[in-house]
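The structure appears below as structure tokens.
Throughout, numbering of the chain's residues begins at 1 and tracks the sequence.
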Amino acid sequence: LYKRLPGALRRQPARFIESLPNYRRPSYVSWLTRTGRSPEAKLTIGDLLDLGFDPTRLKEFSEGEEKYIFERMQTRHLSLLLTKTAHMLELVELARELNLGGTQVGINPPLLVLTDGGNAYILRRKIEAIHWDEALEQLQKQDLFFQWTGHLNLEGLLKRLLNKLHAELENFFGKELPFDFFTYFISWNLRTNQPKVVVEFHRSFYEKVWIA
């Protein structure tokens, strides 16, 4: 994969990656729509305060037909990232066997780590999912989901799924884990900003939860 990367990316990772488009996560897209801003516009400190996060930390990248995400972090956090990655790879077999009421479990570990200018850039596959915290925010803020609550409690469904998954991971490793030790992503249609949920007569469940 590294050898297939563009030469400019391998020579000057920071310059190349920082010039890539920001990852269009739902909350960022909503902010762009609300403010009438272009995705190419430079962000001010005021913009970052208004957003509550830095959208430039996540960049979209394509190589052939594959889509990826680059995440920027400080190099001092790399040791913890590598520890988490080792644990993630231990979960590959468990993920195939876990029974979470119909929800499948996927693993999305880092594929490459590039360092440049005091920062590390972590490459992962782009998945049809969003961070559980952002999913919860969307469920609580989007009017569309309010009319579903009487028939389908998506927020409660999400919380029960995450608690069950985390308990299974603690059981697997035989110790308590901080809830944020792994990062959980929920299957989500990024184009329509809607959760991917299967609704059956006797049960409902999210299609997939990812561990990253």
(request) Please answer: with hydrophobic residues joined when any side-chain heavy atoms are less than 4.5 Å apart, are Leu136 and Ile127 in the same cluster? (result) no
(request) For the pair Asn163 (side chain) and Lys159 (backbone), establish whether a donor and an acceptor sit closer than 3.5 Å, ignoring hydrogens and angles. (result) yes
(request) Flag this pair as yes if the NZ/CZ of Lys59 is under 6.0 angstrom from the six-membered ring centre of Tyr23 and inside a 45 degree cone about the axis; otherwise no. (result) no
(request) Hey, could you give me the OG1/CG distance between Thr44 and Leu49, rounded to the nearest 0.5 Å? (result) 8.0 Å
(request) Would you check, one step at a time, whether the test salt bridge (Lys or Arg N to Asp or Glu O under 4.0 Å) holds for Arg96 with Glu93? (result) CA-CA 5 Å; Arg96 297 193 184 103; Glu93 290 299 322; 2.5 Å; yes
(message) Rounded to the nearest 0.5 Å, what separates atom CZ in Arg4 from atom CG in Leu1?
(response) 5.0 Å
(request) Apply salt bridge (Lys or Arg N to Asp or Glu O under 4.0 Å) to Lys84 and Asp180, showing your working. (result) CA-CA 11 Å; Lys84 289 183 178 182; Asp180 61 353; over 6 Å; no
(request) With rounding to the nearest 0.5 Å, note down the distance linking CD in Gln194 to OG in Ser187. (result) 12.5 Å
(message) Minimum heavy-atom separation for Pro39 and Tyr28, please, with both atom names.
(response) O-OH, 3.8 Å
(request) Verify the distance criterion only: is there a donor paired with an acceptor across the side chains of Asn22 and Glu60 at less than 3.5 Å? (result) no
(message) Using the side-chain contact (heavy atoms from CB on, under 4.5 Å) criterion, which residues pair with Asp133? Sequence neighbours excluded.
(response) His131
Donor-acceptor contacts under 3.5 Å from residues 199-212 side chains, at least two apart:
| residue | atom | partner | partner atom | Å |
| --- | --- | --- | --- | --- |
| Glu200 | OE1 | Arg203 | NE | 3.0 |
| Arg203 | NH1 | Gly101 | O | 3.3 |
| Tyr206 | OH | Leu154 | O | 2.9 |

(request) Could you walk me through whether Lys126 and Leu190 pass side chain to side chain contact (heavy atoms under 4.5 Å, CB included), step by step? (result) CA-CA 11 Å; Lys126 182 180 179 181; Leu190 299 174; 4.1 Å; yes
(message) Are Val105 and Leu91 packed together at the side-chain level, in the sense that at least one heavy-atom pair is separated by less than 4.5 angstrom?
(response) no
(request) Hey, could you give me the CD/CD1 distance between Glu90 and Ile107, rounded to the nearest 0.5 Å? (result) 11.0 Å
(message) My understanding is that only one of Leu58, Leu9, Leu112, Ile122 makes a side chain to side chain contact (heavy atoms under 4.5 Å, CB included) with Phe70; could you say which?
(response) Leu9
(message) Quick check: closest heavy atoms across Leu162 and Phe179, and the distance to 0.1 Å?
(response) CB-CZ, 3.9 Å
(request) Step by step, work out the ring-ring contact (aromatic ring centres under 6.0 Å, His included) result for His166 and Phe182. (result) CA-CA 9 Å; His166 193 72; Phe182 292 111; 8.1 Å; no
(message) Please give me the minimum heavy-atom distance between Leu81 and Pro110, naming the atom from each residue.
(response) CD1-CG, 4.0 Å
(message) Assigning hydrophobic clusters by single linkage (Ile, Leu, Val, Met, Phe, Trp, Tyr; side-chain heavy-atom cutoff under 4.5 Å), is Leu89 placed with Leu94?
(response) no
(request) Evaluate the criterion salt bridge (Lys or Arg N to Asp or Glu O under 4.0 Å) for residue pair Asp47 and Lys42; output intermediate values, then yes/no. (result) CA-CA 9 Å; Asp47 292 333; Lys42 295 289 186 181; over 6 Å; no
(message) What I'd like to find out is whether the side chain of Tyr121 reaches to under 4.5 Å of the side chain of Thr115, using heavy atoms alone.
(response) no
(message) Can a donor-acceptor pair be found, under 3.5 Å and without considering hydrogens, that links the side chain of Glu170 to the backbone of Leu177?
(response) yes
(request) Applying side chain to side chain donor-acceptor pair (under 3.5 Å), name anything that partners Glu40, two or more places apart in sequence or on another chain. (result) Ser38
(request) Provide the closest heavy-atom pair for Val113 versus Ala120 in the form atom of the first, atom of the second, distance. (result) CG1-CB, 4.3 Å
(request) Flag the pair Glu128 / Trp188 as yes when at least one side-chain heavy-atom distance between them is below 4.5 Å, and no otherwise. (result) no
(request) Answer yes if Leu157 and Val198 sit in the same cluster of Ile, Leu, Val, Met, Phe, Trp and Tyr residues linked by side chain heavy atoms under 4.5 Å apart, and no otherwise. (result) no
(request) Kindly indicate whether the side chain of Arg24, heavy atoms from C-beta on, has any atom under 4.5 Å from the side chain of Leu32. (result) yes
(message) Which heavy atom of Asn99 sits nearest to which heavy atom of Gly102, and what is that distance?
(response) OD1-N, 4.1 Å
(request) Verify side chain to side chain contact (heavy atoms under 4.5 Å, CB included) between Leu114 and Leu123, making sure each step is shown before the conclusion. (result) CA-CA 8 Å; Leu114 305 176; Leu123 184 71; over 6 Å; no
(message) When you measure from the side chain of Arg57 to the backbone of Met73, do you find a donor-acceptor pair of N or O atoms at a distance under 3.5 Å?
(response) no
(request) Check the surroundings of atom CZ in Arg10: do more than 12 heavy atoms from other residues, nucleotides or ligands lie under 6.0 Å from it? (result) yes
(message) Looking at Glu134 and Ser27, would you say the former's side chain and the latter's main chain have a donor-acceptor pair under 3.5 Å?
(response) yes
(request) Determine, using ring centers only, whether Trp31 and Phe53 are less than 6.0 Å apart. (result) no
(message) Starting from Leu169, can I reach Phe185 by hopping between I/L/V/M/F/W/Y residues whose side chains sit under 4.5 Å apart?
(response) no
(message) Could you check whether any side-chain heavy atom of Leu165 comes within less than 4.5 Å of a side-chain heavy atom of Leu100, counting everything from C-beta outward?
(response) yes
(message) Using 0.5 Å steps for rounding, measure from the CG atom of Leu20 to the OH atom of Tyr68.
(response) 13.5 Å
(request) Looking only at non-hydrogen atoms, find the nearest pair between Asn189 and Lys196 and report the distance. (result) N-CG, 3.9 Å
(message) I'd like to know if the side chain of Asp116 and the backbone of Ala14 have a donor-acceptor N/O pair within less than 3.5 Å.
(response) yes
(request) Rounded to the nearest 0.5 Å, what's the gap from OG1 on Thr33 to CZ on Arg37? Could you check? (result) 12.5 Å
(message) If we ignore hydrogens and angles and just use 3.5 Å, is the side chain of Arg72 paired with the main-chain N or O of Asn119 as donor and acceptor?
(response) no
(request) Say whether Val92 and Phe172 are linked into one hydrophobic cluster, either directly or through other cluster members, by side-chain heavy-atom distances under 4.5 angstrom. (result) no
(message) Looking at Arg125, is its backbone amide N or carbonyl O close enough to the side chain of Asn108 to form a donor-acceptor pair, meaning the two atoms are under 3.5 Å apart?
(response) yes
